[in-house]
Student: 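Sharing a structure with you now.
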Amino acid sequence: MARPNDEVQALLQEYADLVAITGGDAFKARAYEKAARAIGGYPADIATLDAAGLREIPNVGRSIADKVTEYLRTGKMTVVEERRAKIPAGVRELIAIPGLGPKKALRLYEDLRIASVSQLAAAIEADALADLKGFGEKTQENIRHGIELLRRAGGRVPLSVALDTAEEIVAELSRVTGCRRCAYAGSLRRMRETVGDLDVLVAAQRSDAFMAALSELPATAEVIARGTKKTSVRTAKGLQVDLRVVPPQSWGAAMQYFTGAKAHNIRTRTIAVHQGLKLSEYGLFDTESGRSLASRTEEEVYARLGLPWIAPTLREDRGEIEAALHGELPEVVTDKDIRGDLHTHTDLTDGLAPLEEMVEAAAQRGYRYYAVTDHAPGLSMQRMTDEKILAQRERLRELDGTRRRMRLLHGTELNIGPDGEVDWPAEFLAGFDLCVASLHSHFDLGRAAMTRRLVRACENPYVSILGHPTTRLIGRRQGVDADWDAVFAACARTGTALEVNAQPDRLDLGDEDILRAREHGVRFAVNTDAHAVPHLAYLRYGVGIAQRGWLTPDDVINTWPLTRLRRFLRKGR
DNA sequence: GCCGTTTTCGGCCCGACTGTTTTCAGTCG
């Protein structure tokens, strides 16, 4: 889904890198980075904005607005082209190597004309860096290692993998004598869909035992750095883990510091500076006297800055600071708000567990309602028939009587055909309590055809939820191309909910699309699409993504009481 | 290059670690 905002974000980020490499003003480079992020995360399509509108975007001033305008008009930014002419693209690639920044990249290029990662690798092999200032033996070894990692990984791991690893490490370190608190922070606590590295915090008086414990974990493959305050290791799976040990009285400040995205932290620190304060991982201090004003809890730190506590999933500098200052932070949806799952499968199609087991597991979770939505005949490998689904409905109605607290809904996951048609005729669909409709094929229609297809599915009076709307698979498959603003508008107009599919390799819609869809007044359903009993627990990932999309319980139909939900599902029929 | 209760200039987050130019620059998060 490359929209102009994303293209401009990439271009401005490239320009920032080139400025940093060519030794320009570091603050100028940072200014472009900030603008790039702001434009990438801006909800409105920048192609619809004029120069004044562009300057409404934070960190976009006259100069950058002009460059964006030029790009929107001509498809080019002259200044970027000029810098590209001076610095080959391969030099920019060099700074992706861990341990190699803009300064060293420039030196390599100027002194040795090295202009690609492979040239650098060859130069190290040929021992051509020996006489280069700042490139001692150790540095060369680190670069060689960095290139290896870059080639192997590509970096980030899925949220679910990171969470499993983090929970194991936290459990291990919590057992170490002297551990007062232990938790993970970073992008994992913010529930980003993929995680680059783990940030683990320990509160304790002495650090050595924790540094040793982390270094010696079975999962630890190598120790990258080890000090008294910080130790970094890499696991066998290639995931970097940074451990910080802080004094117990600094716990809240450290959690605040290591949880927020960089941009969020810059904002909170700037607020501190304006109040004559200094915010670090050790606490909030009076700049003049050095006296500590708050540090024990995150609440205390935010409060002393004049802010309410901000949910970790919001700490991205996507407007949460402004919302907090104006008392307009959303009360984001939590696991506890979810009253039921509206997209699940059984072994009647491709699920693993029989109806009874799925229903029992759902009841154990304390749900007030639960929908079974097996695949429809259009997905022919599932061999669904009218008879089979009607027999399932009969069995489900029997079970429904046995569950006092949890009501059962009978549904199906329809297939959206190339023209937006679905599997069964209206009179048969009328027999279901709800229909989810999803794309399972024909992913490469053109944008216009795909948009028509999705809009037509929304217009079907029996389709209540659009399942995994973009159909992306994280790290494996791009989402389909459509005019999403048109699709979101159609959802809002027709009363069709968008799914936030909680499968960890889908997380579809993702947070940025949720933020956009929300602008259209759409409702959402956070569903697990469970194909087995353990999948029901994926809900936490979906809720995390929903929070990152600023959704409140009112936005999410499966937090609603059953009567309100049923009214929504009928779409005014 | 952006921004403004420090308001059109002068600041921009800040601490930790590594390697090496051994007193500090570069990189990272």
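Residue numbering restarts at 1 for every chain, and letters A, B, ... go by the order of the sequence lines.
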Student: Looking at B:dT8, which nucleotide sits across from it as a Watson-Crick or G-U wobble partner, both distances under 3.5 angstrom, or is there none?
Tutor: none

Student: When you get a sec, tell me which of B:dT18, B:dA16, B:dC14 is the closest nucleotide to the side chain of A:Asn142?
Tutor: B:dT18

Student: Counting any heavy atom closer than 4.0 Å, what does A:Tyr32 reach on the DNA or RNA strands: base, sugar-phosphate only, or nothing?
Tutor: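 Touches sugar-phosphate only.
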
Student: Looking for any heavy atom pair under 4.0 Å, which part of the strands does A:Thr231 touch: base, sugar-phosphate only, or nothing?
Tutor: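 Nothing: the residue A:Thr231, judged by heavy atoms under 4.0 Å, touches no strand.
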
Student: Just compare B:dG1, B:dG19, B:dG29 and give me whichever is closest to any side-chain atom of A:Ile64.
Tutor: B:dG1

Student: Quick check on DNA chain B: between A:Gly101 and A:Gly61, whose nearest nucleotide comes earlier from the 5' end?
Tutor: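 Final value for this comparison: A:Gly61.
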
Student: Among residues two or more places apart or on two chains, list those pairs meeting salt bridge (charged side-chain N to carboxylate O under 4.0 Å, His left out) that have a residue in residues 47-67 of chain A.
Tutor: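 Qualifying pairs: none.
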
Student: Keeping to residues at least two apart or across chains, list the salt bridge (charged side-chain N to carboxylate O under 4.0 Å, His left out) pairs with something in residues 9-19 of chain A.
Tutor: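 Output for this query lists A:Glu14-A:Arg84, A:Asp17-A:Arg92.
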
Student: Could you tell me whether A:Arg113 sits above the aromatic face of A:Tyr109, with NZ or CZ closer than 6.0 angstrom to the six-membered ring centre and within 45 degrees of the axis?
Tutor: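 Yes, A:Arg113 sits over the ring of A:Tyr109.
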
Student: Regarding A:Gly134, tell me which of base, sugar-phosphate or nothing describes its non-hydrogen contacts under 4.0 Å with the strands shown.
Tutor: base

Student: At under 4.0 Å, does any side-chain N or O of A:Lys138 touch on OP1 or OP2 of B:dG19?
Tutor: yes

Student: Would you mind reading off the distance between A:Arg226 atom CZ and B:dT18 atom P, rounded to a whole angstrom?
Tutor: 11 Å

Student: Once you measure the plane-to-plane angle for A:His535 and A:Tyr538, does it fall in the parallel (<30°), tilted (30-60°) or perpendicular (>60°) bin?
Tutor: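 Plane angle under 30°, so parallel.
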
Student: Please tell me if the side chains of A:Leu108 and A:Leu129 come closer than 4.5 Å, counting only heavy atoms from C-beta onward.
Tutor: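 Answer yes - side chains close enough.
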
Student: Of all of residues 278-305 of chain A, which get a heavy atom below 4.0 angstrom from DNA chain B, listed by number?
Tutor: A:Lys278, A:Glu281, A:Tyr282

Student: Select base, sugar-phosphate, or nothing to describe what A:Ile97 touches, counting heavy atoms under 4.0 Å on all strands.
Tutor: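 Here A:Ile97 touches the backbone only, sparing every base.
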
Student: Counting the atoms with a prime plus P, OP1 and OP2 as sugar-phosphate, which does A:Val19 contact under 4.0 Å by heavy atoms, base, sugar-phosphate, or nothing?
Tutor: nothing

